[in-house]
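We name chains A, B, ... by the order of the sequence lines, and we start the count at 1 in each one.
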Amino acid sequence: PVDELDLLYRMLLIRRFEERASQSYQQQKIGGFCHLYIGQEAVAVGAVAASRDDDYIITAYRDHGHAIARGTSLNACMAELYGKTTGCSRGLGGSMHYFDRANHMYGGHAIVGGHLPLATGLAFASKYRGEDRCTLCFFGDGAVNQGAFHEALNLAALWKLPVVFVCENNLFGMGTHVERAASVKELTNRAKGYDMPSMIFNGMDVRQVHDGLRTVLDAIRRRPHPYFVEARTYRYRGHSMSDPATYRTKEELEKNKEEDPIARLKSELLSEGKIDEAKFQEMDREARRLSTEAVRFAEESPEPALESLHDNTFVSGANS
Amino acid sequence: PVDELDLLYRMLLIRRFEERASQSYQQQKIGGFCHLYIGQEAVAVGAVAASRDDDYIITAYRDHGHAIARGTSLNACMAELYGKTTGCSRGLGGSMHYFDRANHMYGGHAIVGGHLPLATGLAFASKYRGEDRCTLCFFGDGAVNQGAFHEALNLAALWKLPVVFVCENNLFGMGTHVERAASVKELTNRAKGYDMPSMIFNGMDVRQVHDGLRTVLDAIRRRPHPYFVEARTYRYRGHSMSDPATYRTKEELEKNKEEDPIARLKSELLSEGKIDEAKFQEMDREARRLSTEAVRFAEESPEPALESLHDNTFVSGANS
Amino acid sequence: MREISYRQALNEAMEEEMQRDANVFLLGEEVAEYNGAYKVSQGLLEKFGPLRVLDTPISEAGFAGLAIGAAMAGLRPVVEFMTFSFSLVAFDQVVNNAPNMLTMSGGQFHIPIVFRGPNGPAHQLGATHSHATEPLYANAPGLKIATPATPRDAKGLLKTAIRDDNPVLVLESELLYNTSGTVEDPELELLIPLGKGEVKRSGTDVTLICYAQTVHMAMSAAEYMATQGISVEVLDLRSIKPLDLDLIFSSVSQTHRCVIAEQDRPFCGVGAEIAYRIQRELFDSLDAPVLRVAQEEVPMPYNEKLESAVLPSEEKILQAVTQVCYL
Amino acid sequence: MREISYRQALNEAMEEEMQRDANVFLLGEEVAEYNGAYKVSQGLLEKFGPLRVLDTPISEAGFAGLAIGAAMAGLRPVVEFMTFSFSLVAFDQVVNNAPNMLTMSGGQFHIPIVFRGPNGPAHQLGATHSHATEPLYANAPGLKIATPATPRDAKGLLKTAIRDDNPVLVLESELLYNTSGTVEDPELELLIPLGKGEVKRSGTDVTLICYAQTVHMAMSAAEYMATQGISVEVLDLRSIKPLDLDLIFSSVSQTHRCVIAEQDRPFCGVGAEIAYRIQRELFDSLDAPVLRVAQEEVPMPYNEKLESAVLPSEEKILQAVTQVCYL
Ligand SMILES: Cc1ncc(C[n+]2csc(CCOP(=O)(O)OP(=O)(O)O)c2C)c(N)n1
Ligand SMILES: Cc1ncc(C[n+]2csc(CCOP(=O)(O)OP(=O)(O)O)c2C)c(N)n1
Ligand SMILES: [Mg+2]
Ligand SMILES: [Mg+2]
């Protein structure tokens, strides 16, 4: 049985981390593009909690939540945004390119749809080695219109690869509503094009995401096959830090915030007597503390040395 | 009502033309790749006969049949194989790149799946201009696994473009059986991924192809939308002139030849008293004569002048 | 004359050409309702409506190919790539279908199309988002490539590109969108020919060739060298294809020295091509080897300090200029 | 030693490396049951089974990306592109994912992968099927590129490429598959280092640089020039990246003259890069401009006569050699 307090805590960690990150971004201490996950926490947290520690996780550029859900430290995540050597990608990847090999987080990929074929490759490695490790591949509703999505899903279905394609449908690809981008009434219809099973989850309900994914993953471990999941969710912030998000109404935003995944689980746990307000406040304080600490850590961490510029173009020495 | 004798005659033209072409190829009078359409004639002939003369036709590299069905002369088709200036592409395109603007034949495209987006563009032009011209886009069963296929079908469905995607399922992409390439039991399932209507035709029955396409095209002219057609057919020859086709049994080939589209229509017309053997022989003689004539024409036609080498890289003079 | 931004100049170019020719239309991600990811298409949807300004799905190969097909049918599409880094997923359409159609069809189908959008490294976008694609596209016969550095060139080159009957890439720069400069008033038709460079500053000692993002650093490098008594002639290519060899040769044959400041990666880059042409044409009149200043040959790092170490800079240009002058 | 074909040499390289390392596997269109469109993978399915020799759908971006993902997980894929003209639909995967992963992950993920297949014009395949992709890939930092011209190099370079922990492209040639040459016996491990060219024929008057398809015409051109009293040193690059600059410089510093025979399109091509390096390094020792012999800059026409007019040839090489010798 999953530790539900931990689900709540991880969602808080993501939320507070990103609130801090956006402050630092506004203070121009962080460069490049920065895409916040706030509002969607239940998807990464629920799905990752349902996975086994050695399952492969791979996602797009909106990747802070997935890394934190996987156990990457807030320090390493914040330092990456600051471009420091202590970052999860040593300061070379930035917000869009988080990697954490130790926690089996395989990135952080910024070309829309481009990582879905990579996910089939991770799943293929499991099949090749006869391992029962699954791959969880996260992407947005906008990615389902990329050729790479199509080729990856066909290959996964054709070769019965153990991969779950988790489409985080937050209704928008940048400023374009999903209905103006994908020709289907239901995104799960896309799965029919590959004879692939699929399911729709409420992506604002971390318990539903967790329980649903757990069932899917158990089935895949028994008999390898791909699966398509649509997690219906919503991002509270703009597409990136520079997007005012004028393409949606304040009302729409507020309505969706009423479904807030953190508030939801909190009230459920309260009514079930599994936590009290004090315990929640304690968790929240800890999440805020670690986020503040992460900023300090990032600011005090060293930059990569100029002499290291050419150290990561080729890995030296052939394998043997 | 369609001229059924003309359907028969056009299929004969394609068959005899390609028999001639393969002779010339074996005599090494033709270079490059050469993909024969023999066995699939009913698809191009039936579909094109169902179309309006000003509808856009576009296909892949196995394109002789579509050009001939559209009215490109055997002379121009043969001369193209010989690389002569009198060829339908002036000898610059070759077998895989037939073009005939006058007959609204928009090519002859050799990158698998790469022309499906072009087809949506032709259809878009109809919509843009408020014309009721439809686009017929032909491609093979192997093309349904290309990213371009996916992006094109989504765009066509999303923008309600007047285009028919005709998948000529001859069971093989080169030596790979469709079941080893596409993850779906029925290729028409692919259309479900775009909420696109679809239908399966017997591609060896020219009347069924014609009547079915006619219905589809009429509906599209009334209300523009895309449509997916699977035409089940079979190629008698190897993938290209250099393919011995050892991946299929002689029995399988013979079994399929019993469905021969020419023999089928002939016997139907005979039993319906619409032609007699003499009339058939006369048509066949004419088709053979024109094919032989085409070889002579091609051999006697001039090669492009060396001085013309740089004439087709850019078209000179901006439009006004 | 008035001062407008590079962004505004591109916007005017599209508006004027869409007014002029009903066959011209714009498509790409976020170009319509969002007014462009970088606001280059601001207001065009309102002016021309949803049939001529179209938001596309994230399907670069699909909509690039759709546009090429529309061009076969006689329309004149302007395709915006949100950035040219994303054009790599449409690479086959751009290099195989657009420039080859005229040849493959024996002259029957020309492709009047423009592919435009920001190209080259911006600021800390990392390895996947910082591609300078000009050498990749320049290698393909049948494509023309414009690289405007100023608002005036941006407007004049884009208008010319839209009127050209061949596929033309207009490679803009995110870092230049906000820069401003003087441009003729809208009443005056501004057309700048493709394939004609410009002498941005005349000089006698060294020819400094630049384009797009490197023009501004080249100009200030030239200014500084002047204070050191070295007279630098600065050539802005404005187009990479056709390449203005006459201008290059006439300048270098006077200065006998040349430095090329390019924003792309060096290996098989634009500088290599130009250097080859110069040494072949002006071998005897060169007093020093042609030097290029390009990116360091590494995938672009996110860290700001490392990124600027990768990019060409005024300092690096000064070094090269000093070197060819044997100072 | 024995005589084997270029095709056979590649086949042996894959078989030996698959025997040696269970992580090595081959995937691509028609590589398994059909034994390869050009029969390069003949017999491998039988020997290694369907999990290590996989027929893919016609999904280049999909299976290239799948292989890159498998490499992230520690496998060592060999990806066959039926021809590199078809790699253009997978361009983003090859230039964005494979070479950038190491940098973007701060060194956590290296990509041991080989992309191989025929590259460059074959015979009358037309504009879409005749791409010489080496300059396109050479521009991307993080990729290595081998271009074997002989059976021995084909075997030795492919084996080395498969053992390399970085992404390596092995650009073969359809026109060379049937050529044969002497190769060490299978018992002897044949590994040829990437980035090391070879002097195919030593000479004193002109350095003639070539690779892949141009090596054979370069050799016969050199032979002919010998009869005219001109001693030509022929360098086969064997790898385009890393580029063997030491070999190039040491040769040209002796001959003071250089011609580059390349199979690709000239603009921003391999010859431009090499010429740039030579004129920069050996400016004072050059007695003539570096000349390149490349394709004519047009989309490839189908007609045989026109196609051969586009391609580099012994005649064109002879002209260039004569020219740099001022004969
Ligand atoms: C191939 C490609 N095209 C365009 C972009 C620019 N871009 C980055 S994110 C994005 C929208 C993606 O939307 P979605 O897939 O729904 O993910 P979300 O941002 O909602 O998480 C676009 C168009 C890109 N990164 N890659
Ligand atoms: C992108 C791409 N990959 C590979 C090829 C090589 N190729 C040419 S035809 C073909 C098989 C296509 O099969 P299908 O689509 O069923 O058409 P058919 O040949 O049966 O008419 C392949 C793999 C190509 N031309 N383009
Ligand atoms: Mg979204
Ligand atoms: Mg087929």
If the condition is side-chain hydrogen bond (donor to acceptor under 3.5 Å, both in side chains), which residues does D:Y276 pass it with, not counting sequence neighbours? none
Which of the residues D:A61, D:G106, D:G269 is involved in the greatest number of heavy-atom pairs with chain C at under 4.5 angstrom? D:G269
Restricting to non-hydrogen atoms, name the atom on C:E297 and the atom on D:A138 that form the minimum distance, rounded to 0.1 Å. OE2-O, 4.3 Å
Kindly give the heavy-atom pair with the smallest separation between C:R265 and D:A140, and that separation in Å. NH2-CA, 3.9 Å
Of D:R280, D:R292, D:M300, D:Q279, the largest count of non-hydrogen pairs under 4.5 angstrom with chain C goes to D:R292
Closest heavy-atom pair and its distance - C:T103, D:P301: CG2-CA, 4.5 Å
Side chain, backbone, both or neither of D:R277 within contact of chain C (heavy atoms, under 4.5 Å): side chain
Which heavy-atom pair separates C:N96 from D:T128 by the least distance, and what is that distance? OD1-CA, 3.4 Å
Okay, D:N303 and chain C: the region with an atom under 4.5 Å from a heavy atom over there is neither
Heavy-atom nearest pair, D:C268 first then C:E273, reads N-OE1, 2.8 Å
Report the C-alpha separation of C:L136 and D:F91 in whole Å, then their side-chain angles, then the decisive distance to 0.1 Å, and conclude whether the side chain to side chain contact (heavy atoms under 4.5 Å, CB included) test is met. CA-CA 11 Å; C:L136 307 179; D:F91 198 70; 3.9 Å; yes
What part of C:V290 gets within 4.5 angstrom of chain D, counting heavy atoms only: side chain, backbone, both, or neither? both
When the 4.5 angstrom heavy-atom criterion is applied to D:F267 and chain C, the contacting part is both
Cut-off 4.5 Å, heavy atoms of chain C, and the answer for D:P99 is backbone
Quick one: CG on C:N139 to CG on D:D264, what's the gap to the nearest 0.5 Å? 6.5 Å
By number, which residues in residues 237-251 of chain D have some heavy atom less than 4.5 Å away from chain C? D:I240, D:K241, D:L243
Could you state the interatomic distance from CG (C:L286) to CZ (D:F283), rounded to the nearest 0.5 Å? 5.0 Å
All heavy atoms of D:P299 vs all of C:N100, minimum pair found to be CB-OD1, 3.3 Å
